[in-house]
Each structure stands twice: as C-alpha cells, then as structure tokens.
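Every chain is numbered from 1, with letters handed out A, B, ... down the list of sequences.
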Amino acid sequence: MRYKKLRGTKDWLGQEAERFVLFFKTASDLAEKFGYKPIITPIIEPHELFSRSVGEASDIVQKEMYEFEDKGGRKIVLRPEGTAGTVRAYVEAGLDKSNPLQKLYYFGPMFRYEKPQAGRQREFYQFGLEAIGWEDASFDAEIIDYTYKLLTMLGIKFKLHINSIGCKSCRPKYRQALVEYLNSNKDKLCKTCQSRLEINPLRVLDCKEESCKIVNQSAPNITKYLCDNCREHFEEVKKTLEKLNIEFLVDPLLVRGLDYYTQTVFEFKIRESKSQDAVASGGRYNHLIEDLGGQPQPAVGVGIGVERVLLYSSTIPKKSPLNVALCWRSKELKPHALTLKSSLVNKAIEQNLNLSFIHHSGSFKAQMKFAGKNASLAIILFEEEFKQNKVVLKNMVTSEQHIVDLEIASLLENIKNIITA
RNA sequence: GUGGGUGUAGCUCAGUUGGUCAGAGCACUGGGUUGUGGCCCCAGGGGUCGUGGGUUCAACUCCCACCACCCACCCCA
C-alpha cells in the first residue's frame, strides 16, 4: 500500500457512499419543499472573509484553518464553514440590493485542522440552509422546523437547545455585567477561561470545567438583559415552536463559537453522547451581510454535520438498489443478452423504474455466482428456450424460476410482479 | 494542543523464553458436482508482520523515534 489518505479525511465506499448520496437527496428534497434553492460556492476563499465574519478571536480562525499562500501571494483558506461564503456570494452578486429575499441551501466539504476523533474529521461535509432578508421570528422557526423534521425523518434522537444572545444594543450591557461578575470570581475559573475573560467572555459560559460550571450557575442570566426588541423576538420564536409541536429546552448557557450570531442560537444535540454531541446548529446573524460589505439584511441559518447524521441515523437504508443480472449459458447467446440488457435499461428510464441491470463475464458458473451475490433477479438465456423467444427469470433469493416471454414489455411486467410480491 | 489504548493477508485474529512462525477461519480466483449461484470437495492468488532506525550470529517477537486509527480532554458539525 503506497499511498494513504491524509489524516482526518475519509474515503466513501460501498454502502457508506450510497447512504451519503441518499442523505443528500433527502435533505435537498426537504429543503426544496420549504422553498429553498441551491447555491454552490468555492471551497477556497480569502482568509479575511473568515477572520471578519467568524471572528478573529474564535478557535476556528485562531488555530483550525487550513491556510496557504497561492502563487500570487494571496492568503487563501479552505473554508471552515458554509455561511460566510454564501453571504459573500450573495453580496458579490448584488442580491442585497436587487433581490434581497433569498432562501438558499448549500452542501459540500468544510475543513478544520483539528485532532481527528469519532465524529470529528479534518474534512467533513455540511448541509446548510440560509434564509436571508427576513427579520421575522417565523424564519428562525422555519429553519428549526426544517432541521427538526429532517433529523426526525432520519431516525435520530436529539435534544434541541435554544437561547437568545441579544443584539448590538443589548449584548454589550450583558457582556459588561458578565465580565464584572466573572472578574470577581476570577480565581475560581480555569486557566483557559481566565484568558477567555479578556478576549471572548461569553465563551466562558459553555466551559465544561467543573469549577467554571459552578461559577456559571450564578452568573447573570442573559435573558434578563435582552432589550425589548430581542425579548419579543425570542418570545415569538418560542411561541411558534410550541405551535409547531417542536420540543425545545431554553439553555441560557448556550453560546456559539462563531462571532456573527445575534439573537436566536440553537443546537441539536445527541442524547447519548456528551462529546461531538452537536449534529446540527445555527442561529440568526443580522449584521453579517453588512459586515461583509452589503446593505444591512437580517438572516438566519443552520449547518448540519453529514458524518454525524450518518453516524446516528437509523433509517437511512444500507441496502443497494434492486439489481437484475443477465446471464447466458453459451457464448453464442452473449450478444443477445447484451442487447436485451440495453433495451431493458431504455425501458426502465422511460417508465422511471427503480431497477438496475448488470452482467458479468466468463463461465456460466461465474456469471451465476456473480448474480447470486449482486442481484435479486437473474434473466438467464438458454439455447432451447431462446429458440422459442423465451428466457428463464429466476429469483435469486428464493430460487424460484419461470420460463417467460423474451418480449421487453411482458418481461418487465413479470419482473415487476416478482418485486411487488 | 494534552493524556491513554491499538497497529500481523481485504476482514476477524493466532504466533509459546528472540532461532523453518509468516499461519488459521472468512472473503477472493479457478476447477469438480447440479441444464442454473448458495452446500460439499480440490487447487490457487494475496503480507517487506504500520514505517524507519538500533541491539544481536539471528527480531513479528527487545529498545527508540515517527506515522495512522480509536477513546477521553479541548472544541465544534
């Protein structure tokens, strides 16, 4: 074995690859049902896009980005998340001015230089939704509703945590109160939190260190510091979720690691596991479009971790699609089998049938062995039957077989009958 | 970035105190038996024992380094 995949990357093969594709189909179909349209943006972006949006002080920008200089001396990064690129494209296309209301979904690989672990890779896939242009709480609820439905469809058990972290006018007041409180308890905080206190005090709130947890329990509650506008918005989000029968938990300690969030933030957490527990998360980012040079537009979005979803999904099937194998008893029949196969493929496309047709080569025994392993049905050509325009249709699971007409339409009817039986 | 565990055929694993120990089962390929796969029988391919050094007459086996994977922390998707 000469070459190995890079650390923290993954090859998708066999059933895993099939499940991956199936996830994308499910997620994008559902997104389309909610009126979201696809957007595809580059994997490489300028470094500054993320330091401006995700935040200079965030862990992602400080230590997790893949960065390099291209031949023109530009500072490039492999995107660590999907929102910044989407917003950049939105502003660059002038949509903020010409057509500001946009509901978009994206899908693709993201990159973060971290130590790999189960459910955590250096290259990982995200499926995300962004609703840009609406300030109304119903869109926060829509994004959450979508994610809730998708994860439920996929058979994932989760807990939804939500919080509001305020806006530009009320958060500074809270921040000040928090810093004052934390400073008076500074000696009880862990080392990282003592430095967080300087750079990003809100992050202290979701520290898992026991001593910090105790301090956090009596910390000022952000909900009490929200301005009227933010409070009303949050109340409406909660009311709407209740009407939609979506269970959630208000978690005043939920703070996201990305700087661009305002007001609503949420995380879908897996019940059983405590680490790598977020399968999906997101929130509102009302200033990001403006911060990236566009006209001010409010927005809300979600990012869903594909690997984690696949890890916990119980309903995405692992079974391959239904295969029909063509086999021939003697060499002379081979060309007939192949033309038959080609006609069957045409018909299957025409009638939109969920069937695939395969063949092997070599000895008859080898063909049958291949069929037994890879197909549910076999169409077998024998000299005697073929002379009378007949073939053998064999169910490879039950071993039942019948001599049937070679004619395409009736052959397909027979196949359908076996499948539905 | 910190700590712990693991690393022998595609997979699951044996390998005795360093000296025919490079093996088994499954999988794979070919053949036999059934006008047609699975059962059975015969044969075959496949490994520089994670990589690189060191000790030794001799290393899969001892020592060191590195790499990869897993787990926990951290962080998040």
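- Evaluation of the side chain to side chain donor-acceptor pair (under 3.5 Å) test over residues 357-370 of chain A, restricted to residues two or more places apart or in two chains, returns A/Lys341-A/His359.
- Rounding to whole angstrom units, CZ of residue A/Phe370 and P of B/rC28 are separated by 12 Å.
- Look at the C1' atom in both B/rG3 and B/rU8: the space between them is 28 Å, to the nearest Å.
- One N or O donor and one acceptor, one from the side chain of A/Lys365 and one from the base of B/rU33, sit under 3.5 Å apart.
- Between A/Arg120 and B/rC76 there is no side-chain polar atom (N or O) within less than 4.0 angstrom of OP1 or OP2.
- With A/Asn286 as the fixed residue, the side-chain contact (heavy atoms from CB on, under 4.5 Å) test singles out one of A/Thr262, A/Val300, A/Thr264: A/Thr262.
- Rounded to a whole angstrom, the distance from the C1' atom of B/rC69 to that of B/rU29 is 31 Å.
- For A/Phe20 and A/Tyr125, the gap between ring centers is short of 6.0 Å.
- The CG-C1' distance, from A/Leu333 to B/rU36, rounds to 14 Å in whole Å.
- Among the protein residues, A/Ala280 comes within range of the sugar-phosphate backbone only, with heavy atoms under 4.0 Å from sugar or phosphate atoms but none that close to a base.
- For the P atom pair drawn from B/rC71 and B/rC60, the interatomic distance equals 31 Å after rounding to whole Å.
- Residue contacts shown for A/Gly305 are limited to sugar-phosphate atoms, with no base heavy atom under 4.0 Å away.
- Comparing B/rC76, B/rU36, B/rA72 by their closest approach to the side chain of A/Met368 singles out B/rU36.
- Distances shorter than 4.0 Å separate some side-chain N or O of A/Ser363 from OP1 or OP2 on B/rG31.
- Within 6.0 Å of CD1 on A/Ile40 lie no more than 12 heavy atoms contributed by other residues, nucleotides or ligands.
- Contact check on A/Lys103 versus A/Glu142 returns a salt bridge, with a Lys/Arg side-chain nitrogen under 4.0 Å from an Asp/Glu carboxylate oxygen.
- Under the 4.0 Å criterion applied to side-chain N and carboxylate O atoms, A/Lys416 and A/Glu413 are assigned as salt-bridge partners.
- For the pair A/Gln117 CD and B/rC76 P, the computed distance is 14 Å after rounding to whole Å.
- Comparing B/rA72 with B/rG38, their P atoms sit 44 Å apart, to the nearest whole Å.
- For the C1' atoms, the distance from B/rG50 to B/rC57 is 28 Å, rounded to whole Å.
- Comparing A/Tyr125 and A/Leu381, the nucleotide of RNA chain B nearest to each residue sits closer to the 5' end for A/Leu381.
- Separation of the C1' atoms belonging to B/rG44 and B/rA27 is 14 Å when rounded to the nearest angstrom.
- A cation-pi arrangement is found for A/Lys238 relative to A/Phe234, the charged atom lying closer than 6.0 Å to the ring centre and inside a 45° cone about the ring normal.
- Rounded to whole Å, the distance from CG on A/Leu310 to P on B/rA77 is 18 Å.
- Comparing B/rU36, B/rC69, B/rA77 against the side chain of A/Pro116 picks out B/rC69 as the nearest.
- Applying salt bridge (charged side-chain N to carboxylate O under 4.0 Å, His left out) to A/Glu45 and the options A/Arg88, A/Arg52, A/Lys75 leaves one that passes, A/Arg88.
- Across all strands, A/Gly8 comes closer than 4.0 Å only to sugar-phosphate atoms, never to a base (heavy-atom distances).
- Under the 30°/60° scheme for interplanar angles, the aromatic rings of A/Phe23 and A/Phe107 are found to be tilted.
- By the 5.5 Å and 30° criteria, A/Phe382 is not stacked with the base of B/rG35.
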Would you write the dot-bracket representation of RNA chain B, where each base gets (, ), [, ], | or . depending on whether it forms a Watson-Crick or G-U pair under 3.5 Å and with which partner? (((((((..((((.....[...)))).(((((.......))))).....(((((..]....))))))))))))....
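- Among the atoms of the strands shown, base atoms are found under 4.0 Å from some heavy atom of A/Val397.
- Nearest-nucleotide positions on RNA chain B place A/Ser399 closer to the 5' end than the other of A/Ser399 and A/Ile304.
- The shortest side-chain heavy-atom distance between A/Lys269 and A/His161 falls under the 4.5 Å cut-off.
- Among the nucleotides B/rG35, B/rG31, B/rA77, the one closest to any side-chain atom of A/Arg329 is B/rG35.
- For A/Lys373, the listed nucleotide lying nearest its side chain is B/rC28; candidates were B/rC76, B/rC28, B/rG35.
- Per the geometry, NE2 belonging to A/His360 stands 12 Å off C1' belonging to B/rG30, to the nearest Å.
- In this structure, NZ of A/Lys394 is placed 12 Å from P of B/rG35, rounded to the nearest angstrom.
- Among the atoms of the strands shown, base atoms are found under 4.0 Å from some heavy atom of A/Glu385.
- For the P atom pair drawn from B/rG23 and B/rA9, the interatomic distance equals 14 Å after rounding to whole Å.
- You won't find any donor-acceptor pair under 3.5 Å spanning the side chain of A/Asp59 and the base of B/rC76, going by distance alone.
- Using cut-offs of 30° and 60° for the angle between ring planes, the A/Phe127 and A/Tyr146 rings count as parallel.
- Within the nucleic acid shown, A/Arg203 comes within 4.0 Å of sugar-phosphate atoms alone, with no base atom in reach, counting heavy atoms only.
- B/rG15 and B/rG7 have their C1' atoms separated by 16 Å, given to the nearest Å.
- Close to B/rC76, at under 4.0 Å from its OP1 or OP2, lies no side-chain N or O of A/Arg112.
- The phosphate of B/rC73 has neither OP1 nor OP2 within less than 4.0 Å of any side-chain N or O from A/Lys115.
- Side-chain N/O atoms of A/Glu267 and base N/O atoms of B/rA77 include no donor-acceptor pair closer than 3.5 Å.
- Taking atom CZ on A/Phe50 and atom P on B/rC76, their separation rounds to 17 Å, with Å as the unit.
- Nucleic acid contact class of A/Phe364 (heavy atoms, under 4.0 Å, all strands): sugar-phosphate only.
- At a threshold of 4.0 angstrom between heavy atoms, the contacts of A/Gln401 include nucleobase atoms, whether or not backbone atoms are also involved.
- For the pair A/Glu64 CD and B/rC76 P, the interatomic distance rounds to 8 Å; values are reported in whole Å.
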